[in-house]
There are 2 protein chains.
Amino acid sequence: MPVAKKSDPVNIPSYPHEVLAVVLSVRDGNLCVLLWRRGQSPFRYRWALPGGGVQPTERLREAITGHLAAKVDVRDVAHLEQLATHSAIDRDPRARVLATAYLGLVPSDVQPNLPADTAWHRVDELPRTAFDHHYFIDAAVGRLRAKLSYTNIGFALAPAEFTIAELRDLFSAALGYELGATNLTRVLTRRQVIGPTERTARPGQSGGRPAAVYKFVARELTVTDPFAVLRPPR
Amino acid sequence: MPVAKKSDPVNIPSYPHEVLAVVLSVRDGNLCVLLWRRGQSPFRYRWALPGGGVQPTERLREAITGHLAAKVDVRDVAHLEQLATHSAIDRDPRARVLATAYLGLVPSDVQPNLPADTAWHRVDELPRTAFDHHYFIDAAVGRLRAKLSYTNIGFALAPAEFTIAELRDLFSAALGYELGATNLTRVLTRRQVIGPTERTARPGQSGGRPAAVYKFVARELTVTDPFAVLRPPR
DNA sequence: ACAAAAGTGTTGGTCGTACACCCATGC
DNA sequence: GCATGGGTGTACGACCAACACTTTTGT
């Protein structure tokens with residue numbers, strides 16, 4: 001049981017502290033989370049979030065960035081924000097471990113070189129997860145969906161350039177319901193979240209008018225509409 | 001320097017962990033935060049957030065609830081939610097201490113029995129604070145203001161029953177800008193955040209029509225409008 | 001009667017959805 | 001020319017701010 005020592009400059013209890021990442025990305029038209037299959041007890045063979053300990057020289061954000069790069073070769077996280085800290089006493093059956101989770105977003109066009117025990121899982125068909133990781137995933141998906149409506153966070157899911165049809169598919173996958181391309185364009189353009197480029201995309205085999213190519217105006221998180229929107233249909 | 005012992009069931013580093021509370025309340029027409037004046041170094045005589053360590057049997061929320069009750073006699077927190085965890089290595093000059101902050105809200109009509117070294121401070125006239133507590137206060141105020149627009153979180157700032165004029169003053173103080181009573185009523189009524197009671201308030205000395213007495217429909221946090229509102233004037 | 005405070009009605013603007021219609025391309 | 005997919009225009013409703021007007025009280 002962790003107890004503060006009299007000689008500590010700060011006389012309060014210590015606990016092992018881990019960082020976890022809920023890395024979300026749209027893969028093949030579905031919102032997915034990056035999970036890693038445990039090889040050891042506890043929760044052997046269950047899927048778990050990537051993460052690990054925090055070194056004395058690291059802040060939490062640095063720690064999770066390091067773990068993602070080292071363990072699952074994810075280096076192109078376009079956005080990373082803190083989600084929450086869990087403290088249930090028996091969340092790890094071996095010892096009391098506090099856990100701080102981060103939400104990470106990877107654009108749909110980057111392909112990290114995943115190790116064999118790591119894979120993307122659709123968030124609407126999640127396997128049973130280890131520890132309390134399920135709660136973190138739920139929180140991350142909820143946060144992403146909310147922020148899609150009132151911030152420019154979509155930039156972290158999209159390639160640098162894209163057509164409106166591609167963007168609609170990304171947003172539909174992330175939100176979990178269908179959107180119309182027409183109004184998506186109008187809303188995001190009016191808020192100056194996206195803007196047109198000079199280029200156009202070539203039509204597919206079956207013809208059709210060439211699509212204008214758009215880009216996100218900014219690639220850091222900004223709140224674009226404190227009120228905002230993108231309501232589910234009905 | 002905290003290092004994991006080989007014998008630990010979980011082989012990751014441990015750190016002292018503290019919980020802090022940003023307790024906000026509208027006092028005398030101004031949004032205020034509860035601060036405590038330090039008597040010892042470091043940051044002697046600076047104002048600090050209440051809080052402290054986490055016992056091995058407590059979760060973070062239980063720990064901060066206990067500290068608030070024991071140290072500043074605040075037992076009537078109507079709402080409590082986690083804000084963020086800070087991990088800057090030298091945020092406490094004595095040792096590395098991780099800190100998780102909570103946002104707490106106290107209704108304007110409850111009067112906690114504060115110790116001599118504890119006082120409410122207007123958030124728009126903050127003194128210099130100890131450690132990194134200023135960041136937590138900013139985050140708390142921002143969170144409250146945002147949630148006033150799209151949740152029913154106002155219940156945690158208001159008495160059980162109130163007139164619209166009283167509610168307008170509460171919201172104006174919390175948001176930092178003036179609101180009209182007319183539209184505030186309409187917005188909150190339409191969303192079914194507040195509703196009328198049977199009672200009416202007696203007019204003041206100078207006369208005037210008696211005000212209807214309202215109440216919040218629910219007293220737990222619910223998201224009432226994912227899009228929402230209450231725009232600043234202009 | 002008059003001042004004061006509360007509540008209601010009306011108007012106008014913004015925003016977002018729905019849907020019909022027009023445009024540019026491949027075959 | 002015509003199917004296909006992209007883009008634009010218009011109409012409608014929800015929502016909210018502003019403000020004039022009405023209601024109810026105390027003196």
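These figures come from a predicted structure and were not determined experimentally. Per chain, numbering begins at 1; letters A, B, ... match sequence-line order.
Within residues 154-162 of chain B, no residue places a heavy atom under 4.0 Å from DNA chain C.
Not counting sequence neighbours, A/D138 has no partner by the salt bridge (Lys or Arg N to Asp or Glu O under 4.0 Å) test. With sequence neighbours excluded, the residues forming a salt bridge (Lys or Arg N to Asp or Glu O under 4.0 Å) with A/R143 are A/E81, listed by chain and number. Evaluation of the salt bridge (Lys or Arg N to Asp or Glu O under 4.0 Å) rule for A/E220 yields no partner, not counting sequence neighbours.
Rounded to whole angstrom, the span from the CG atom of B/L179 across to the C1' atom of C/dA6 amounts to 17 Å. Computed from coordinates, the A/R202 CZ to D/dG6 P distance equals 15 Å when rounded to whole Å. The CG atom of A/L184 sits 14 Å away from the C1' atom of D/dG6 (whole-angstrom rounding). Here C/dT17 presents its P atom at 15 Å from CZ of A/R168, a figure rounded to the nearest Å. Atoms CD (B/Q192) and C1' (D/dA14) sit 16 Å apart, rounded to a whole Å. The distance from atom CG of B/L188 to atom P of D/dA17 is 11 Å, rounded to the nearest whole Å.
At distances below 3.5 Å, at least one donor-acceptor pair connects side-chain atoms of B/R61 with backbone N or O atoms of B/L80. With hydrogens and angles disregarded, a donor-acceptor distance shorter than 3.5 Å links the side chain of A/T151 to the backbone of A/I153.
Between A/R37 and A/D117 there is no salt bridge, since none of the side-chain N atoms of the basic residue sits less than 4.0 Å from a carboxylate O of the acidic one. Between B/R91 and B/E18 there is a salt bridge, since at least one side-chain N of the basic residue sits less than 4.0 Å from a carboxylate O of the acidic one.
Every pair passing salt bridge (charged side-chain N to carboxylate O under 4.0 Å, His left out) that includes a residue from residues 154-166 of chain A is listed here, sequence neighbours excluded: A/E161-A/R199.
Side-chain proximity of A/S206 to D/dC16, C/dT25, D/dT4: nearest is D/dT4.
Look at A/R190 and you won't find any side-chain N or O under 4.0 angstrom from OP1 or OP2 of C/dT14. Dashed line: the shortest gap from a side-chain N or O of B/R191 to OP1 or OP2 of D/dC16 is under 4.0 Å.
Using a 30° and 60° split on the angle between ring planes, A/F155 and A/F216 fall in the perpendicular class, above 60°.
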Polar pairs (N or O, both sides) under 3.5 Å between protein and nucleotides 7-10 of chain D?
| residue | atom | partner | partner atom | Å |
| --- | --- | --- | --- | --- |
| D/dG7 | OP1 | A/A212 | N | 2.6 |
| D/dG9 | N7 | A/R186 | NH1 | 3.4 |
| D/dG9 | O6 | A/R186 | NH2 | 2.6 |
| D/dT10 | O4 | A/R186 | NH2 | 3.2 |

